[in-house]
Visitor: 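Quick one: the structure is below, and I'll ask about it shortly.
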Amino acid sequence: MTYEIQTIEEKWQARWEVERVFYVTEEPDRPKFYNLQMYPYPSGDLHMGHLRNYTYVDLLTRYRRMQGYNVLSPMGWDSFGLPAENAAIKTGIHPRIFTEQQIPRMKAQLRRLGAVYDWDRELASHTPEYYRWDQWLFLELYERGLAYKKKARVNWCPVDQTVLANEQVVDGHCERCGSPVDGRDLDQWFFRITEYAQRLLDDLAALDDWPDRVRTMQRNWIGRSEGCTFSLGVEGTDHAFDVYTTRPDTVFGMTFAVLAPEHPLAEALISGTALEDEARAYIAAAGRTSEIDRQAEGDKTGVFTGFHAINPVNGGRVPIWIADYVLMGYGTGAIMAVPGQDQRDWDFATKYGIEIIRTVQPPEDFEGEAYTGDGPAINSDFLDGLQMAEAKPAIISWFEDQGRGVGTVNFRLRDWLISRQRYWGCPIPMVTCPVDGLVPIPREELPVIHPDVEDYSPAGQSPLATVESFVNTECPKCGGPARRETDTMDTFVDSSWYFLRYADADNSEEIFDPSKANYWMEVDQYVGGVEHAVLHLLYARFITKVLHDMGLVEASEPFRALFTQGMLVKDGAKMSKSKGNVVSPEEYYARYGADAIRLFEMFIGPPTDDAIWSDNGVEGTSRFLDRIWRMATGEVGTIEDRDPAAADREILAEAHRMVRNVTEDIDRFSFNTAVAHLMTFANTLQAGLRAGLAREVHSEAIRLVLLLLSPMAPHLSHELWERLGHGSMLATEPWPTWNPDLVARDVVTMVVQVNGKVRDRIEVSADIDAETAERTALASERIQEWVEGKPIRKVVARPPNIVNVVVG
RNA sequence: GCCCGGGUGGCGAAAUCGGUAGACGCUGGGGGCUUAAACCCCCCUGUCCGAGAGGACGUGUGGGUUCAAAUCCCACCCCGGGCACCA
């Protein structure tokens, strides 16, 4: 080893910190760049997969800094949550103690990688200084009617013993622990995200620096649909119920109607009838089944109520059924069933022998299933002959004229359930008073600190409920005895505004100073995993819009550009502690140093793709860095004190091409090819040095290499920069520019094809015109051999790159 | 089922606008340096034919458009992800 990696890395890590190179304040006259990674849970140990992501962000921080931006790159901890709590249950150690042991370890590991942050802005969501503003935010939402408590069927994780938001249920299983989720009816707190559904949908359109994939996922999750809600009367009673449909044009084909088992009318209708027992048994069975078990498509069940509804368009009698394929939580919890035009209704009708009427003309030979395609309408009276796009507005107008229905919009997005029956989260600042009902804690009493408990184990209710001194309190309104809310908030509440807090992390008077937030927001580049596409990223957009509406921040979207990095894969699985396939960086730090690891992580493949870890890849980037060191320090070839010759000037031109290529590649997040361009130039430079290189060209080439390398391999670049006598700190140097005159080529290789196959390559002047190119190509002996004896049909010349001769 | 991605050497990959397929790196092979080894340096490394010059083939499969297709169009196969009884 020609240099002491460990010593150098420690030296520069210390200097960046001591000289506060990456600590920033608002400077209104400078362009700012807010560079942010999703703040991590402080798990303690970083593996190679984490390092990849931290390196991307650090690279961008350093790159934008050199480009002259006032770069904010803060770091903090998503420190509430289940891992600390589960550790506490096992060991009895307080989650706070556990968490606060992990944080310094994580910090040390980030420093070890050479990642730089403005640590003055460090925050941790488990601290009262932070979560008092969660509570403040909750109260603001409560007062605006955006936080409310209601009894609802919720997703219950039997292992974690807590409720989950819809977004946290994946394939019917708990997103965290993977166990199957049950249904439960509980009194829970919700945030009214549905009120923002349309805005959350509309504003997606402007987020064009987000991956389409994420935008599509959010669009689907929000799930806007346009249709019609109309009322069905129940024959022989005063009852009526609303149904929602996206296909009102098929209303003439309704042959039955369905109520969800939980629909209030279901109980009212069956009560006291002959079918009562059977129907009640069905409803009870459905109630025990979770929504997940109900999702067995094709195996639909239901029970007839004995009642009929009247079709408003033609007075037809249709039976009313109760079936669990209709969900109470969407639309009106009741539907008109049109088996001819809807496959689910078709399946149900077929099973129970219900009549099927087609109201849209299916293609010839189409039978045996519902036809869901476009018109023309048939069997539909005044709609006959219309296509779907004409029939829908026509029938909606008819309903509206009759006063029986109205065009409506529905969203699949449900309100965000934020209550959690767990200890290690932010307490909800509310009390329940027997006199005054739900009463908010006054703001001046915040934060509501959660007390220590004996037992962290969840038991169907929050462990906080076992602490009498916490639960029993006074009503802030009447002073009488009252009970505190013992649920805590979903940790996604913490993470839905932390990026605003970074703008003003120490503020003890307000959640943040709007003028500071307005300087830094929006986040210019956000980096994180795609797994948050409909969780964190949707919640953060929602809360940002609420804070915008409160007048606290001008931005109505939090993240201008989003970059979702791929995962690191080993042995066919994502690198993770639970899979037992993590590669610890320690050994690699010791053998190759942080720079070689960073460079390999950048070189391994496209950053948005998953990448497969290979043990000897670091070897390659380490060799490259060693070579740079030797070339910079004059250990390779000969450096000659003379004026540059043609060969030297060509190497300088190549250096400038490297500057252009690397810059353009970093700008388009193609870090792997940026590294490749540095390697390509190193090969050129090495050949030049072996042949003998003019000193001034050597110096300039090395200067450019170090500037370009510094965001990726900062330690080695800084050390060489200093040793070569530059008095400045490399990190604060301006990013290099390239000279277009040098980059331009005088002579290029022109490819000559015959019938599309490459037959010759000719060196030509770069400004060759089409006619000369054609003449030159045809003059080539090799081309003449291929053309000989055949008529030339056509010559396509695209100077200076290609000429294609078409013969025969 | 619907909606997105993707499929290129032994491996990771590149090809930014339809214009030299395989840059760069890894692995492997040959050679140099060395008493020897490591490091380092040079050469080769898509498949097939050929002593070589060179030629044929080649980007999941089958068609098509074009002077020219990894790239565009149609159909299909496979892999990954998202949504999924949302009326």
Side-chain angles (χ1 to χ4, degrees), chain A residues 1-2 170-171 211-221 223 225 227 243-248 250 258 260 291 294-300 323-327 329-338 341-345 347-348 410-414 530-531 533-534 599-600 603-606 608-621 623-624 626-627 630 635-636 661 664-665 668 670 672-683 686-687 690 749-761 782 793-798 801-807:
Chain A
M1 199 68 62
T2 48
V170 178
D171 262 351
D212 284 340
R213 184 156 72 120
V214 174
R215 288 200 291 175
T216 303
M217 284 166 70
Q218 291 214 355
R219 201 172 293 120
N220 292 341
W221 192 262
S225 81
V243 294
Y244 171 73
T245 178
T246 55
R247 292 294 305 276
T250 66
V258 185
E291 278 205 13
R294 286 203 210 171
Q295 289 171 2
E297 257 178 275
D299 186 29
K300 294 181 178 41
D324 67 5
Y325 81 92
V326 174
L327 308 175
Y330 184 78
T332 60
I335 61 160
M336 70 160 187
V338 183
Q341 257 57 60
D342 183 284
Q343 191 58 39
R344 294 154 302 187
D345 297 343
D347 294 341
F348 192 85
N410 255 296
F411 294 93
R412 307 168 77 139
L413 183 69
R414 312 290 170 87
V530 72
E531 66 273 16
V534 291
L599 206 58
F600 175 60
F603 187 55
I604 192 167
T608 47
D609 290 5
D610 287 352
I612 297 165
W613 175 258
S614 88
D615 284 322
N616 48 26
V618 186
E619 191 106 31
T621 51
R623 271 206 280 266
F624 165 72
D626 288 349
R627 218 144 50 91
R630 289 196 305 272
E635 293 167 54
V636 176
N661 292 340
E664 289 176 355
D665 282 355
R668 66 187 177 106
S670 182
N672 52 331
T673 53
V675 176
H677 282 125
L678 280 159
M679 289 173 164
T680 305
F681 179 70
N683 293 342
Q686 181 158 321
R690 189 148 292 122
T749 304
M750 183 173 77
V751 170
V752 185
Q753 299 178 325
V754 177
N755 287 348
K757 290 192 192 298
V758 179
R759 296 304 181 189
D760 200 6
R761 295 177 169 83
R782 295 191 36 128
R793 288 187 202 266
K794 188 175 184 179
V795 178
V796 180
R798 291 284 177 275
N801 297 316
I802 204 155
V803 173
N804 190 8
V805 183
V806 186
V807 297

Visitor: Across the strands shown, which category fits N410(A) at heavy-atom distances under 4.0 angstrom: base, sugar-phosphate, nothing?
Guide: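 Since no nucleic acid heavy atom lies under 4.0 Å of N410(A), the category is nothing.
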Visitor: When the P atoms of G30(B) and A23(B) are considered, how many whole Å apart are they?
Guide: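 About 22 Å, rounded to a whole number of Å.
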Visitor: Contact class for R759(A) vs. all strands (heavy atom < 4.0 Å): base, sugar-phosphate, or nothing?
Guide: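 Sugar-phosphate only.
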Visitor: What does N220(A) touch in the nucleic acid at a heavy-atom separation under 4.0 angstrom: a base, only the sugar-phosphate, or nothing?
Guide: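 The answer is nothing, as N220(A) stays clear of every strand by at least 4.0 Å.
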Visitor: Using the P atom as the reference point in each nucleotide, state the distance between C72(B) and U59(B) in Å, no decimals.
Guide: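 Pairwise P distance, C72(B) against U59(B), rounds to 15 Å.
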Visitor: Syn or anti: how is G9(B) classified when any glycosidic angle within 90° of 0 counts as syn?
Guide: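 Syn for G9(B); the angle stays within 90° of 0.
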Visitor: How would you label the contact of R627(A) with the nucleic acid (heavy atoms, under 4.0 Å): base, sugar-phosphate, or nothing?
Guide: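 Sugar-phosphate, no base atom in range.
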Visitor: Measure the shortest side-chain to side-chain distance between I802(A) and Q753(A) over non-hydrogen atoms and say whether it is less than 4.5 angstrom.
Guide: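 The answer is yes; the side chains approach within 4.5 Å.
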Visitor: When all nucleic acid strands are considered with a 4.0 Å heavy-atom cut-off, which category describes R215(A): base, sugar-phosphate, or nothing?
Guide: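 Result for R215(A) = nothing.
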Visitor: What is the base-pairing partner of A15(B), counting Watson-Crick and G-U wobble geometry with both distances under 3.5 Å?
Guide: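 Here A15(B) is not engaged in any pair, so there is no nucleotide opposite it.
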Visitor: Could one point to a donor on the side chain of R798(A) or the base of G19(B) with an acceptor on the other under 3.5 Å away?
Guide: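 Such a pair exists between side chain and base.
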Visitor: If I pick the C1' atom on C49(B) and the same atom on G32(B), what distance separates them, to the nearest angstrom?
Guide: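 G32(B) and C49(B) have their C1' atoms separated by 33 Å.
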Visitor: So, under a plain 3.5 Å distance rule, would you say the side chain of K794(A) forms a donor-acceptor pair with the base of C67(B)?
Guide: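 Result: no qualifying N/O pair found.
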Visitor: Closest nucleotide of RNA chain B for N661(A) versus for K757(A): which of these residues is on the 5' side?
Guide: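 Comparing both residues, the 5'-ward one is N661(A).
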Visitor: Hey, could you give me the OG1/CE distance between T673(A) and M679(A), rounded to the nearest 0.5 Å?
Guide: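 Output value for this atom pair is 12.0 Å.
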Visitor: For S670(A), report the nucleic acid contact type (base, sugar-phosphate, nothing); a contact means any heavy atom under 4.0 Å.
Guide: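 No contact.
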Visitor: From CZ of R412(A) over to P of C85(B), roughly how many Å is that when rounded to an integer?
Guide: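 Whole-Å distance recorded here is 8 Å.
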Visitor: By nearest atom, which of the nucleotides C42(B), A56(B), C24(B) is closest to the R690(A) side chain?
Guide: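 Looking only at heavy atoms from C-beta outward on R690(A), the closest nucleotide is C42(B).
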Visitor: Would you mind reading off the distance between N683(A) atom CG and C24(B) atom P, rounded to a whole angstrom?
Guide: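 After rounding, the gap between these two atoms is 7 Å.
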Visitor: Applying a 3.5 Å limit to both distances, which nucleotide forms a Watson-Crick or G-U wobble pair with G50(B)?
Guide: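 When the pairing criteria are applied, nothing turns out to pair with G50(B), so the answer is none.
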Visitor: How many angstroms lie between CZ in F624(A) and CG in L678(A), if you round to the nearest 0.5 Å?
Guide: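 Reported value, rounded in 0.5 Å steps: 5.0 Å.
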Visitor: Would you mind telling me which residue lines up with the more 5' stretch of RNA chain B, T246(A) or G756(A), judged by nearest nucleotide?
Guide: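 Whichever sits nearer the 5' end wins; that is G756(A).
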Visitor: Evaluate the criterion ring-ring contact (aromatic ring centres under 6.0 Å, His included) for residue pair W613(A) and F600(A); output intermediate values, then yes/no.
Guide: CA-CA 10 Å; W613(A) 175 258; F600(A) 175 60; 5.4 Å; yes
Visitor: Please give the distance between the P atoms of C85(B) and A75(B) as a whole number of Å.
Guide: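 Roughly 28 Å separates the two P atoms.
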Visitor: What is the minimum heavy-atom distance between V338(A) and D345(A), and which atoms define it?
Guide: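 Smallest heavy-atom distance, with atoms named: N-OD2, 2.9 Å.
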Visitor: Say we look at G22(B) and G9(B): how far apart would their C1' atoms be, to the nearest angstrom?
Guide: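 The answer is 7 Å between these two C1' atoms.
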Visitor: Determine the contact category for I335(A): base if any of its heavy atoms lies under 4.0 Å from a base atom, sugar-phosphate if only primed atoms, P, OP1 or OP2 are that close, otherwise nothing.
Guide: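 Counting heavy atoms under 4.0 Å across all strands, the contact made by I335(A) includes a base.
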